[in-house]
Chemist: 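Structure incoming, see below.
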Amino acid sequence: MSKNRITSEEALAFHLEPTPGKFEITATVPMTTQRDLSLAYSPGVAVPCEAIAENPETAYDYTNKGNLVAVISNGTAVLGLGNLGALASKPVMEGKAVLFKRFADVNSIDIELDTEDTDAFINAVKLMGPTFGGINLEDIKAPECFIIEQRLKEEMDIPVFHDDQHGTAVICAAGLLNALHISGKKIEDVRIVLNGAGAAGIACLELLKAMGAKQDNCIMCDTKGVIYQGRTEGMNQWKSAHAANTKLRTLEEAMKDADVFLGVSVKGAVTQDMVASMADDPVIFAMANPDPEITPEEAHEVRMDAIVATGRSDYPNQVNNVLGFPYLFRGALDINARAINDEMKIACAHALANLAREDVPDEVALAYGKTLSFGRDYIIPTPFDPRLIHRIPPAVAKAGMDTGAARRPIIDMDAYELTLKSRMDPTANILRGINARARANQARMIFAEGDDPRVLRAAVTYQRSGLGKALVVGRPDDVKKKLEEAGMSDAVRELEIVNAAKTDHLETYKTFLYNRLQRRGHDAKDIHRLAARDRHVFGALMLAHGHGDGLVTGATRKSAHVLERLNHVFEANPEHGAAGFTALLHKGRIVFIADTLVHEWPNENDLANIAERGAKVVRHLGLEPRVAFVSFSTFGYPVSERAEKMHQAPKVLDARGVDFEYEGEMTVDVALNVQAQAQYPFSRLTGPANILVVPARHSASISVKLMQEMAGATVIGPILTGLDKSIQICSTTATANDILNMAVLAACKVGE
């Protein structure tokens, strides 16, 4: 993508760190005691084995089969790269597996079969049938892919789905339904021209014909021209099924007066003259990747009335398979389906089309940086629409039940939709929203520690991701050397490097700093050293004078030292309302711990201030704040002098009349556990707390590091709040990605 250029080094690092690959396996049951092991394996495991042997359907009850999909390939058609072989296809298959999990909470395992023998491939997949609830075939060349899928569908009793064919077909059909709706045409009346008679093209035409397109109205073309009845050159049984009774012989001839063009071929296959010859309100789906058959700009130069879709995310109307396969499998798995049939695919297409006609949620518009509404530039939902998970699977499941594909029909569809809503990880939407706001703000971000490779990598990524301008504090020669050592020598020309000792603004900065510190024991020499040699102070001075919009620092020095340096330029102290919040992301939950940065031993008024700051941060991130003042006691028991301030802090908020939920004092389990909260019906919390205000900074630090090390929680922060400028302080153990996250928070002005 033009706005998000990815280098080879970045891609390799992403797949290498923190561990090789893109996912791992975790247990869903306790495995700590001897009893746990006895239940998980011998002798306890014998009981479900016997139950499944007696009734095979109970495998969906006692194993993970019902939510497990295999992503299988032999690597003969990897992306647009050709036949790379089974092993080289593994990164793609791992990627598909994590997309299943990310978008529909479907567990998935990648399997790469090292064979190009069709029978061997079919036999291997068939033998694995008892393990999985569904099979997703991927990156298998034609015509073998047709044979493999058809035979497996005939011989297996679980869904078998070749996404390269049917995923594209479903999204294409959804977009076409809406394009025809806008142009006032009906699918049974329109003339359709398809260019590209491979797996995806044939599947698109077959599905559209199943939805009402007429055989006589459909023309399929390949590299040799129109596929017509009687043609022998370059033909096979799958092309022959779509041979038209026509005298047309070229794509150019076929395009004249056509209503719809579908392209799954190559860049430049369609000319402006071809587009100009089409019927009124033409529909052009130029889906070749990475470059379409004709760009939207080229098409609109000659036909302003054209509705254009491509496979690219930097154009409107992206035909993206991730809109289909996760939700098709989600619906199919939830009814323990025997297959994914045409009716289920058509239901998916109609559900997607209907969703695009509805008002778009604010968070989607925010993520894309513009208002989206149904029309010529918005005929297909975006992949990040949060409604997809609870709108598409029910439609698929219902179609499966109506056609007899379901082993276990869903009785209460309303309850089913509620369970789907709860499946998705809310933190994904939060992080996406933060990145969207940062991209919209285009902040000039000051990276104060340009001598650190992690900081440089974060700065390069920040700029190349289209988030804004990266300003790196450092000596040009040193930065250049570090970039070269990190394999990013090409970034030297992109970054703006600011040398503190040689900036034109140094005297202005020194005057400003001297006026602040002259009565705090600093003389002129001290001021020069601070302004010209201390990167943290210099970065803060840049920010204070409007020479940047945000500041990220702290990767090379302890946070207490950095905070003390920032306090030379800003009032980054408890007396002026500063506070620090650390976000913990773990198993789909997000909790903020405070104060992790500023207050060493806050009193009840400080605690109330921290709560108010936290509520503002959480709302800025799109959540409704629920604050718990936590201690080792709950609502006054056991009695302790050290817990008294936690008991008094809510009373301070009572007097202030704040507009968010808060309660305390209470233990952490009561704060986070709804069942534990039920023991206290008088509690004002309506759900688990998402802000935990703790008694002291040391307890906050212990809590964060314990969750990070023992539970593997993702840590973002501490988020510095309460300043009139946007500054974020990283941890000295931060990775380049952690530093980037802090830059994004600074760009969003979360702490202001």
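These numbers were taken from a predicted model, which means no experiment stands behind them.
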Chemist: With a cut-off of 6.0 Å (strictly less than), are more than 12 heavy atoms of other residues, nucleotides or ligands near CG of D216?
Modeler: no

Chemist: Do V319 and I380 have side chains that approach each other closer than 4.5 Å (heavy atoms only, starting at C-beta)?
Modeler: yes

Chemist: What closest approach, in Å, do V69 and F132 show between heavy atoms, and which atom pair accounts for it?
Modeler: C-CD2, 3.9 Å

Chemist: When you measure from the side chain of H181 to the backbone of L177, do you find a donor-acceptor pair of N or O atoms at a distance under 3.5 Å?
Modeler: no

Chemist: Would you call K185-D189 a salt bridge at under 4.0 Å N-O?
Modeler: no

Chemist: Ignoring hydrogens and angles, tell me if any N or O in the side chain of D139 forms a donor-acceptor pair with the backbone of G75 under 3.5 Å.
Modeler: no

Chemist: Taking the side chain as C-beta and beyond, is there a heavy-atom pair between L180 and V260 under 4.5 Å?
Modeler: yes

Chemist: Any carboxylate oxygen within less than 4.0 angstrom of a Lys/Arg side-chain nitrogen, looking at E188 and K214?
Modeler: no

Chemist: Looking at E144 and K141, is there a salt bridge between them, counting it only when a charged N and a carboxylate O are closer than 4.0 Å?
Modeler: yes

Chemist: Do E293 side-chain atoms and M287 backbone N/O form a donor-acceptor pair below 3.5 Å?
Modeler: yes

Chemist: Does Q165 offer a backbone N or O that forms a donor-acceptor pair with the side chain of T168 under 3.5 Å?
Modeler: no

Chemist: For G311, does its backbone N or O pair with a side-chain atom of Q318 as donor and acceptor, under 3.5 Å?
Modeler: yes

Chemist: Would a 4.5 Å heavy-atom cut-off, applied to side chains only, mark K101 and F23 as touching?
Modeler: no

Chemist: Is the shortest distance from a Lys or Arg side-chain nitrogen in D222 or K239 to a carboxylate oxygen in the other one below 4.0 Å?
Modeler: yes

Chemist: Answer yes or no: is there a donor N or O on one side and an acceptor on the other, between the side chain of N178 and the main chain of A353, under 3.5 Å?
Modeler: yes

Chemist: Using side-chain contact (heavy atoms from CB on, under 4.5 Å) as the criterion, point out the one residue from I122, V160, V125 that pairs with I148.
Modeler: I122

Chemist: Is it true that D342 and K345 have a side-chain N and a carboxylate O under 4.0 angstrom from each other?
Modeler: yes

Chemist: Going from CE on M93 to CG on N136, what distance comes out if it is rounded to the nearest 0.5 angstrom?
Modeler: 9.0 Å

Chemist: Identify the two heavy atoms, one from V283 and one from M278, that lie closest to each other, and give their separation to 0.1 Å.
Modeler: O-CE, 4.0 Å

Chemist: Can a side-chain donor-acceptor contact be found between E298 and T295 if the only test is distance below 3.5 angstrom?
Modeler: yes

Chemist: Between E57 and R407, does any NZ, NE, NH1 or NH2 come within less than 4.0 Å of an OD or OE carboxylate oxygen?
Modeler: yes

Chemist: Side chain of E253, backbone of L248: donor and acceptor closer than 3.5 Å?
Modeler: no

Chemist: Is D334 salt-bridged to R408, going by a charged N under 4.0 Å from an acidic O?
Modeler: no

Chemist: Less than 4.0 angstrom from a charged side-chain N to a carboxylate O is my criterion; do R330 and D105 meet it?
Modeler: no

Chemist: Determine whether the side chains of N321 and D163 contain a donor N or O and an acceptor N or O closer than 3.5 Å.
Modeler: yes

Chemist: Considering residues, nucleotides and ligands other than N83, do more than 12 of their heavy atoms fall under 6.0 Å from its CG?
Modeler: yes

Chemist: Is the number of heavy atoms from other residues, nucleotides or ligands under 6.0 Å of E252 CD greater than 12?
Modeler: no

Chemist: Tell me which one of L152, T118, D119 satisfies side-chain contact (heavy atoms from CB on, under 4.5 Å) with I147.
Modeler: T118

Chemist: For K65, look at atom NZ and say whether over 12 heavy atoms of other residues, nucleotides or ligands are found less than 6.0 Å away.
Modeler: yes

Chemist: What I'd like to find out is whether the side chain of L420 reaches to under 4.5 Å of the side chain of P394, using heavy atoms alone.
Modeler: yes

Chemist: For H166, enumerate each residue passing the ring pair (Phe, Tyr, Trp, His ring centres under 6.0 Å) test, keeping only those at least two apart in sequence or located in another chain.
Modeler: F161

Chemist: Can I get a per-line list of side-chain donor-acceptor pairs under 3.5 Å for residues 190-205, giving both atom names and the distance, sequence neighbours left out?
Modeler:
unit_1	atom_1	unit_2	atom_2	d
R191	NH1	K256	O	2.9
R191	NH2	A254	O	3.3
N195	ND2	S265	OG	3.0

Chemist: For P91, does its backbone N or O pair with a side-chain atom of K22 as donor and acceptor, under 3.5 Å?
Modeler: yes

Chemist: Hey, mind stepping through T246 and V226 against side chain to side chain contact (heavy atoms under 4.5 Å, CB included) and telling me if it holds?
Modeler: CA-CA 9 Å; T246 180; V226 172; 4.0 Å; yes

Chemist: Tell me if the centroids of the rings in F103 and F325 come within less than 6.0 Å of each other.
Modeler: no

Chemist: Return yes when atom CD of E233 has more than 12 non-hydrogen atoms of other residues, nucleotides or ligands closer than 6.0 Å, and no otherwise.
Modeler: no

Chemist: Measure the spacing between OG1 of T310 and CZ of F285 and express it to the nearest 0.5 Å.
Modeler: 10.0 Å

Chemist: Can you name the closest pair of heavy atoms from M344 and A399 and give their distance?
Modeler: CA-CB, 3.9 Å

Chemist: Is a donor on one side and an acceptor on the other found under 3.5 Å between the side chain of S73 and the backbone of E138?
Modeler: yes

Chemist: Does a donor on one side chain sit under 3.5 Å from an acceptor on the other, for N74 and T76?
Modeler: yes

Chemist: Tell me if the CG atom of L87 is crowded by more than 12 foreign heavy atoms within 6.0 Å.
Modeler: no

Chemist: Which heavy-atom pair separates G175 from I379 by the least distance, and what is that distance?
Modeler: O-CD1, 3.6 Å

Chemist: Can D314 and R312 be counted as an ion pair, charged N to O under 4.0 angstrom?
Modeler: yes

Chemist: Salt-bridge test for E94 and K90: reply yes if a basic N is under 4.0 Å from a carboxylate O, no otherwise.
Modeler: yes

Chemist: Has the side chain of N336 got a donor or acceptor atom that lies under 3.5 Å from a matching backbone atom of L333?
Modeler: yes

Chemist: Before you tell me yes or no, could you show the steps for I307 and I182 under side chain to side chain contact (heavy atoms under 4.5 Å, CB included), namely the whole-Å CA-CA distance, both residues' side-chain angles and the distance that decides it to 0.1 Å?
Modeler: CA-CA 9 Å; I307 299 174; I182 291 169; 4.0 Å; yes

Chemist: Can you list every pair that meets salt bridge (charged side-chain N to carboxylate O under 4.0 Å, His left out) and has a residue in residues 378-390, with sequence neighbours left out?
Modeler: E358-R387, D385-R387

